[in-house]
> 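First the structure, which I've put down as structure tokens, then a few questions once you've had a look.
Whatever order the structure lists them in is the order used to number ligands and atoms, beginning at 1.
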Amino acid sequence: MCPADQTVATNNDHLVQSEDPEHPANLIPELCRKFYNWGWVTGTGGGTSIRQGDHIFIAPSGVQKELMQPNNIFVLQWPTPKYPASDRNYIRKPLKLNPSACTPLFLTAFEQGAGCCIHTHSQWAVLVTLLVEREKGPDACFEISNIEQIKGIPRGKGKGMLGFFDTLKIPIIENTAFEEDLTSGLEAAMNKYPDTYAVLVRRHGIYVWGDNTAKAKTQCESLDYIFQLAVEMHKLGLPWVK
Ligand SMILES: CSCCC(=O)C(=O)COP(=O)(O)O
Ligand SMILES: [Zn+2]
């Protein structure tokens with residue numbers, strides 16, 4: 001075997017090579033192209049991670065997310081230590097790339113049983129965190145009711161979906177200087193709101209997760225729709241909660 005072949009064999013490239021469009025190594029680049037076009041992951045920010053069985057697929061850090069290819073994807077053996085980062089069980093590491101800085105946050109969602117976690121820098125998400133800026137602290141939440149699209153968000157695991165007359169509550173945590181340092185805030189919000197499938201990060205964006213990739217994506221779409229609507233409602237002086 002020549003040295004190049006040895007590199008291929010030891011880097012487990014087969015884990016990211018599949019003809020199946022639903023394979024996570026194909027899905028992550030495909031989703032990131034969509035997310036880029038929706039303004040969710042421009043300028044290298046944001047990203048997504050998928051768990052399939054005992055493998056976690058993670059995008060690289062600081063790259064143009066819309067140009068990502070399957071061979072750029074990292075693979076972690078699950079379960080894996082969250083900290084320190086050097087103890088994480090990578091079974092595939094693309095050369096010259098680093099795994100997403102969001103990795104410990106994605107792992108936090110997987111610890112809750114998620115199958116996919118999406119991080120966006122959507123301007124609508126950022127704007128609603130600014131509109132509730134006065135409510136700092138552990139109780140900061142975005143709340144809205146009487147909007148049809150909140151039916152796209154689960155009430156909690158195994159509890160069905162929210163109804164039109166329910167109030168959707170998304171906790172807001174404060175931003176930190178480094179993405180990794182958001183992890184304790186995300187964990188605290190998940191403990192305080194065990195039914196939530198999303199956490200907003202003030203002046204930064206949002207983390208949304210779901211039982212599988214389709215649910216994470218549609219929940220993220222529903223939330224983004226609701227945030228845009230909420231910003232427009234605010235401009236018109238309309239209240240979010242009746
Ligand atoms: C301009 S991006 C700043 C860092 C950030 O918020 C982010 O989401 C980047 O994540 P990455 O996956 O590129 O490490
Ligand atoms: Zn970010």
> Quick one: does Asn72's side chain have a donor or acceptor within less than 3.5 Å of a partner on Ala59's backbone?
no
> Check for a donor-acceptor pair, side chain of Arg202 on one end and backbone N or O of His204 on the other, with a separation under 3.5 Å.
no
> Salt-bridged, Lys34 to Glu221, with N to O below 4.0 Å?
no
> Who are the residue neighbours of ligand 1 when the rule is a heavy atom under 4.0 Å from any of its atoms?
Gly43, Thr44, Gly45, Gly46, Ser61, Gly62, Lys65, Ser100, Ala101, Cys102, His119, His121, Glu179, His204
> Just how far is it from atom CG of Leu200 to atom OG of Ser122, taken to the nearest 0.5 Å?
9.5 Å
> Please identify each residue that fulfils side-chain contact (heavy atoms from CB on, under 4.5 Å) with Gln52, with sequence neighbours left out.
His23, Pro24, Phe57
> Can the ring centroids of Trp124 and Phe227 be said to lie less than 6.0 angstrom from one another?
no
> Do you see a donor-acceptor pair shorter than 3.5 Å between the side chains of Tyr207 and Thr108?
no
> Go through the structure and list residues passing side chain to side chain donor-acceptor pair (under 3.5 Å) with Gln77, not counting sequence neighbours.
Asp54
> Taking atom types as modelled, is there a side-chain donor on Asp224 or Trp38 under 3.5 Å from an acceptor on the other?
no
> Is any protein N, O or S atom closer than 2.8 Å to the Zn ion (ligand 2), and if so, which?
His119 NE2, His121 NE2, Glu179 OE1, His204 NE2
